[in-house]
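Below you'll find the structure, written out as structure tokens, and then a few comments.
Lettering of chains follows the sequences in order, A, B, ..., and the numbering in each one begins at 1.
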Amino acid sequence: MIQKIATWNVNSLKVRLPHVLDWLAAQRPDVLCLQETKLEDKAFPFAEIEAAGYHAIHHGQKTYNGVAILARSEAQDIVRGIPGFDDPQARVIAATVDGVRIVCAYIPNGQAVGSDKYEYKLNWLRALNAWLKDELTRYPRLALLGDYNIAPEDRDVHDPVAWRGQILCSDAERAAFRTLTELGLADAFRRFDQPEKAFSWWDYRMLGFQKNHGLRIDHILLSPALAADCTACAIDRAPRKLERPSDHAPVVAEIRA
DNA sequence: ATGGCTTGAGTGTCAAGA
């Protein structure tokens, strides 16, 4: 039974493994999706994760990207990458855990509006959308968790005027996010009352976290059947306060048993 | 002010992140 699912961009699992193990022990999620492991599969810390009581599946590469699903139950029907979308970058892993289809995604950053990387991001989002539309016909209980690299609305941005039209906030990126919600996927975080200025990422520079100069770019989207059973969603800022933190905080959703 | 910090690669100093 899945009761707690989470996502966390760890910005190098090699560096962040102690934080991840501590967080698993404290939170005991049923599923934790990781992004930016920055590891080849052969370097993934399977033994440490298993010792913590979790099965792990990984889709990695050297230096960049890399995604993993950690789960207390065994993952089934594992898919690496978006089927039919030729992509040298390891950004998606999906599997079924206790009857819930878990899709873990590290959506491209895009670097700058109008750049080649921006075009890649928008193409990537189109492929993701087409694939998920199909997945939803097969899996009524589906969750898309990850680093979307999109702040969906101005209230997800510490300084909306400065960020207007910029990367992570541009109209085309926000439209792509809405296309996902138009598949029926609900932003779990916005189904509940939340504090003002709630963010999931803060720049390492310029005291970004201390000043709460952040963005909400890490999300959990839920299919209608799963959203109906979702009882809470929150961002856990605690790991961002530790020594040598990831620049992202985990996002957690609770599902009724 | 296109800076500010962190990571990986690799041993110089750059690419990439968001």
Checklist entry - Within less than 4.0 Å of OP1 or OP2 of dT6(B), is there a side-chain N or O belonging to Ser12(A)? => result no
Checklist entry - Roughly, in whole Å, what's the span from NZ in Lys121(A) to P in dG17(B)? => result 10 Å
Item to check | Distance between C1' atoms of dA1(B) and dG12(B) (Å, rounded) | outcome: 26 Å
Checklist entry - Under 4.0 Å between a side-chain N or O of Arg16(A) and OP1 or OP2 of dT6(B)? => result no
Item to check | Any side-chain donor near an acceptor of the partner, Thr96(A) and Arg101(A), under 3.5 Å | outcome: yes
Next on the checklist: Please check if the number of heavy atoms outside Asp86(A) that lie under 6.0 Å from its CG is greater than 12.
Outcome noted: no
Checklist entry - Can you check whether Tyr106(A) has a side-chain N or O nearer than 4.0 Å to OP1 or OP2 of dA18(B)? => result yes
Item to check | Verdict with reasoning, Ser73(A) to Asp98(A), per side-chain hydrogen bond (donor to acceptor under 3.5 Å, both in side chains) | outcome: CA-CA 7 Å; Ser73(A) 300; Asp98(A) 290 337; 2.9 Å; yes
Item to check | Below 4.0 Å: OP1/OP2 of dG17(B) and any side-chain N or O of His248(A) | outcome: no
Item to check | Phosphate OP1/OP2 of dT7(B) contacted by Arg244(A) side-chain N/O (<4.0 Å) | outcome: yes
Between the protein and nucleotides 12-15 of chain B, which nitrogen or oxygen pairs come in under 3.5 angstrom?
none

Item to check | Separation of atom CG in Asp203(A) from atom P in dA18(B), rounded to whole Å | outcome: 10 Å
Checklist outcome for this item: Which of dT7(B), dG17(B), dA18(B) is nearest the side chain of Trp201(A)? It is dA18(B)
Checklist entry - When the nearest nucleotide of DNA chain B is assigned to Pro108(A) and to Thr37(A) on a heavy-atom basis, which residue is associated with the more 5' position? => result Thr37(A)
Next on the checklist: For the NZ atom on Lys241(A), are there more than 12 heavy atoms of other groups (residues, nucleotides or ligands in this structure) within a distance under 6.0 Å?
Outcome noted: yes
Item to check | Distance in angstrom units between Arg205(A) CZ and dC5(B) P, rounded | outcome: 9 Å
Checklist entry - Side-chain donor-acceptor pair under 3.5 Å between Asn109(A) and Tyr118(A), yes or no? => result no
Item to check | Interatomic distance, Gln35(A) CD vs dT6(B) C1' [rounded to whole Å] | outcome: 18 Å
Item to check | Any Ile217(A) side-chain heavy atom under 4.5 Å of Ile150(A) side chain | outcome: no
Checklist entry - Does the side chain of Trp201(A) pick up a donor-acceptor pair with the side chain of Asn9(A) at under 3.5 Å? => result no
Can you give me the N/O atom pairs linking the protein to nucleotides 9-11 of chain B at distances under 3.5 Å, or say none if there are none?
{"from": "dA9(B)", "atom 1": "OP1", "to": "Thr63(A)", "atom 2": "OG1", "distance (Å)": "3.0"}

Checklist outcome for this item: note: Phe209(A), atom CZ; dA18(B), atom P; distance rounded to Å ~ 17 Å
Checklist entry - Over how many whole Å does the gap from Met206(A) atom CE to dT6(B) atom P extend? => result 14 Å
Checklist entry - Looking for any heavy atom pair under 4.0 Å, which part of the strands does Glu36(A) touch: base, sugar-phosphate only, or nothing? => result sugar-phosphate
Checklist entry - Phosphate oxygens OP1/OP2 of dT7(B): is one of them under 4.0 Å from a side-chain N or O of Asn11(A)? => result no
Checklist entry - When the distance from CG of Asp247(A) to P of dA18(B) is rounded to whole Å, what number comes out? => result 7 Å
Checklist entry - Would you say the side-chain atoms of Trp202(A) and Asp247(A) include a donor-acceptor pair closer than 3.5 Å? => result no
Item to check | Donor-acceptor pair (no angle test) under 3.5 Å: Asn149(A) side chain, dA18(B) base | outcome: no
Item to check | Derivation and outcome, side-chain contact (heavy atoms from CB on, under 4.5 Å), residues His248(A) and Leu215(A) | outcome: CA-CA 10 Å; His248(A) 295 252; Leu215(A) 305 173; over 6 Å; no
Next on the checklist: Mind checking if Asn65(A) touches a base, just sugar-phosphate, or nothing, with heavy atoms under 4.0 Å?
Outcome noted: nothing
Next on the checklist: Students often get this wrong, so: under 4.0 angstrom with heavy atoms, is Ile217(A) touching a base, only sugar-phosphate, or nothing?
Outcome noted: sugar-phosphate
Checklist entry - Which whole number of Å gives the distance between the P atom of dA15(B) and that of dG10(B)? => result 14 Å
Checklist entry - Is the shortest heavy-atom distance from the side chain of Trp8(A) to the side chain of Pro239(A) under 4.5 Å? => result yes
Checklist entry - Taking NE2 from His158(A) and P from dA18(B), how many angstroms apart are they, rounded to a whole number? => result 15 Å
Next on the checklist: Considering every strand and a 4.0 Å limit on heavy-atom distances, what is the contact class for Leu168(A): base, sugar-phosphate, or nothing?
Outcome noted: sugar-phosphate
Checklist entry - Run the ring pair (Phe, Tyr, Trp, His ring centres under 6.0 Å) check on Phe46(A) and His58(A) step by step: do they pass? => result CA-CA 9 Å; Phe46(A) 287 105; His58(A) 185 232; 7.1 Å; no
